[in-house]
Amino acid sequence: MSLLTLSYAVLFYAATALLVGGLAWHILLYRRAPAPLKIPTTPAPTTRRGVVWRMFREVVFFESLFKSSKWTWLFGWLFHFGLLLVLLRHLRYFTQPVWEWVNWLQPAGKYASLMMIAGLAGLWLRRIVVDRVRYISSPSDHLMLLLLLAIGVTGVLMTFVWPVDIVSMKAFFLGLMRLDWQPLPPDPLLAVHLALVAALMIVFPFSKLLHVPGVFFSPTRNQADNPRRKRHVAAWAVKLERSGG
Amino acid sequence: MAEAAFDTPAFREYRVIPKLREGAMAHSRPFVAKPDFQEKLGFPGELVDDWERKAVEKMGELNKKYRSLQVFLDSCVKCGACTDKCHYYLGTTDPNNMPVARQDLYRQVYRRYYTFAGKHFPWLVGAKDMTKDVLDQWYSYFHQCSQCRRCSVYCPYGIDTAEISMAAREVMDHVGKGQKYCNEIIGKVHAIGNNLGLPEPALRDTLEGLEEEVLEDTGVPVRFPLDEKGAEVLLVTPSADFFAEPHVDGLIGYGKVLHRAGISWTFSSHASEAANFGMFIGNYENMRKMALRIREAALELGVRRIVFGECGHAWRVAYSFLNTLAGPFDFLDPAWPVPQHICEVTHGLIRDGRLRLDPSQNDDKVVTFHDSCNIARASRMGGEPGGQFTIPREILRACCNHFHDMPAETVREGTYCCGGGGGLLTDDLIELRVKGALPRMEALKEVVDDYGVTHLVAICAICKSQFSKVLPYYGFTMDQVISLHQLVGNALMPGGESGGESNGESSAAETPQPQAA
Ligand code: HEM
Ligand code: SF4
Ligand code: SF4
């Protein structure tokens, strides 16, 4: 096995472990912390079903963001929806035979990368140009956009300009999954793209990308507005009551 | 106290978002609580030794107690959507008054001590050690947040800066740096039962005075009972209602409504306060202790219902938290929600035709309605989401012929804070209060110019006090703010010439009939 193949194999195993472990750890943390008081931002749905619908609108349409900033919404939604299509299209590198619906997405997925890049560029421009957003940005906020842009651009270059040996690349990833290691084609562009993706996977659970699990745990969005009908008490508050405090 | 010299911000001709000016409000900070007041609430008297470590420890503890805090600290993507949503930013242009920047004052310390990136690469993620400078900034800017939750409406993850402000104040209290205004008031409630420190005899006196006044004015023997066992309703109202203008006219309105409806009711001297500043300082134990007084009073007096008077944050604590803090209320009449808002009661009576209202009595006024933050974004009235917007407006329409809403983005869930909520209604913060009122004043100016609005109607004790104080800074007069139930009272039992009608409770059965003007 070449040094290249070996190092990328190790890199991807490590990145996957950190991504999954880190996310699981944070999800556990969020689950374990109780929400002692009812704090939905009202008007809020009064039933569980209503809450699911509210969350759906937040996650799919970015409803609150739409209310607050049309430009951020537009760029943000282009980026995320583009990213979603791109990720789905990438499933074809990890499935054999490729699932039917993934094939069907293939053409759209190819151009979604451009949508994603346009969105990221817009978000970055906003971060630099608008004084308020510039003020609240740390180096990490710029780097995160740079990282995603670099992933997008190297990907687009491989798709549209300098094609790489997809067949061997797919064999490498299937090999990783089946513990039957295959060589990674020695292509510099691919090597850069993959290294950046691994970096993204590694920083994911240690950065603001925690907004992905976070949004589902946000009490202002996921609580039903029913405090008069249903008594809500956290375990630590029950203890406080028992101790006569 | 001499007022600090500052300029009232000018109305913006177009609602452009102001450019930021760093440090514009860095000098603003409230008086610090004295040691004996701190200790009464179970906090250290003054800044403790080794406070840095203790503060950081407290932050970790709060993250385990409050999911909101843990999730909000991790999830912000710095998208900037909230940056122009805070009235304090719009009024002061200090960048630390942008909600996300305010959160970051807390988040930078959280990151430094509790996250991998902040521990190892602080410069990368803007993490900072807990230092005296940081504490001073906390004290300044977490007392420039009225916990109004406007930012949480517009954040894609619902991040609520109010939760962070409450946590920061809780941490500061625990290391001995509390705010004088809030902590003195909480002490009074624990000792006496209300924010004003008004003891039972004085309260009784005041209420008797009100009975005489209303009788003289309207000829109707409206009662304001105190500690009457066996009454149907326990009415809990902010203590400002007993004295302050225009609050007291609202309180007279509650009395008139309940009198006409033939509902027996009482105040309690034990629970003579609806306000609960325990929420403002983010302290569950103090908040619970005050809430329990209401439960005790309800049991003691043997009432069947609990009704709250006009107050914003009090209604949040009542509607959203009371059942949690002091429930279950299985000893009350299950036919009614616990607790109820006085607006729900009045609205129900109007709907059932049990109040005969003559809106022409308010024809000298053109009114607009200020949605209080805590009612709009942290609670509800009635059975449907949004009842907190429709119910007061329906009451208003039933007792006023001339009503116009302010611009859509400044009312309902997008309402702008009065500028004095969240424990900031104190003279040592007057500059902040005046500047923070700018967006609301601009919206008011619009309907004054367009429709000749003469009065701003409010249903919150803090809003009423704050507006009385700041309206003159913007070229209005202090008496332009009035209580919703004052208008109801006027339309129900006009004073002066049409007085003398004293058919009391029998009117409950009468059907409403149109009245000639
Ligand atoms: C449940 C799925 C997700 C939801 C609901 C979601 C939602 C959002 C929203 C509403 C924003 C703010 C608007 C914006 O700046 O675009 C945002 C920002 C961001 N999201 Fe997501 N997101 C999700 C998944 C992801 C994933 C998988 C990634 C990356 C791998 C990601 C990366 C980012 C980044 C980097 C930003 C900040 C953009 C900036 O700097 O302006 N998101 N997300
Ligand atoms: S809107 Fe929410 S996620 Fe965006 S910067 Fe403000 S607090 Fe952070
Ligand atoms: S809660 Fe209100 S006062 Fe506090 S930061 Fe948000 S918008 Fe500003």
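Each chain gets a letter, A, B and so on, in the order the sequences are listed, and its residues count up from 1.
For chain A, the nearby part of B:A376 is the backbone; its heavy atoms alone come within less than 4.5 Å. Only the backbone of B:N63 comes within less than 4.5 Å of a heavy atom in chain A; its side chain stays farther off. Contacts between A:H142 and chain B at a heavy-atom distance below 4.5 Å are absent for every atom of the residue. Looking at A:L29, only its side chain comes within 4.5 Å of chain B, counting heavy atoms on both sides. Heavy atoms of B:L322 lying under 4.5 Å from chain A are absent altogether. Only the backbone of A:R31 comes within contact range of chain B, with heavy atoms under 4.5 Å apart. Of the two parts of A:L143, only the side chain, counted from C-beta on, holds a non-hydrogen atom closer than 4.5 Å to a non-hydrogen atom of chain B. If you measure heavy-atom distances from B:M287 to chain A, the contacts under 4.5 Å come from the side chain alone. The part of B:E163 that comes within reach of chain A is its side chain, from C-beta onward, which places non-hydrogen atoms under 4.5 angstrom from that chain. Interface residue B:K19: backbone and side-chain heavy atoms are both found under 4.5 Å from chain A. Looking at B:Q388, only its side chain comes within 4.5 Å of chain A, counting heavy atoms on both sides. Interface remark: B:T115 contributes no atoms to any contact with chain A (heavy atom separation under 4.5 Å). With a threshold of 4.5 angstrom between heavy atoms, B:R316 approaches chain A through side-chain atoms but not through N, CA, C or O. There is no contact between B:F329 and chain A, counting heavy-atom distances below 4.5 Å. For a residue to count as touching a neighbouring chain, one of its non-hydrogen atoms must lie under 4.5 Å from one of that chain's; by this rule B:D104 touches chain A with the side chain only. Contact of B:F116 with chain A is made through the side chain alone, with heavy-atom distances under 4.5 Å. Only the side chain of B:F389 comes within contact range of chain A, with heavy atoms under 4.5 Å apart. Looking at B:A81, both its backbone and its side chain come within 4.5 Å of chain A, counting heavy atoms on both sides.
A donor atom on one side chain and an acceptor atom on the other are found under 3.5 Å apart for A:T41 and B:S152.
Residues A:K67 and B:E413 are paired through a salt bridge, judged by an N-O separation under 4.0 Å between the basic side chain and the carboxylate. Taking a cutoff of 4.0 Å between a charged side-chain nitrogen and a carboxylate oxygen, B:E344 and A:R228 qualify as a salt bridge.
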Evaluate the criterion side chain to side chain contact (heavy atoms under 4.5 Å, CB included) for residue pair B:K64 and A:R32; output intermediate values, then yes/no. CA-CA 8 Å; B:K64 293 207 172 63; A:R32 257 205 240 124; over 6 Å; no

Run B:S68 and A:I39 through side chain to side chain contact (heavy atoms under 4.5 Å, CB included) and show every step you take. CA-CA 9 Å; B:S68 53; A:I39 59 166; 3.8 Å; yes

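With chain B as the partner, the residue from A:A35, A:A44, A:G214, A:S64 showing the most heavy-atom pairs under 4.5 Å is A:S64.
Contact check for B:V77 versus A:D141: no side-chain heavy atoms found under the 4.5 Å cut-off.
A perpendicular orientation is assigned to the rings of A:W236 and B:Y66, their planes being inclined by more than 60° (bins at 30° and 60°).
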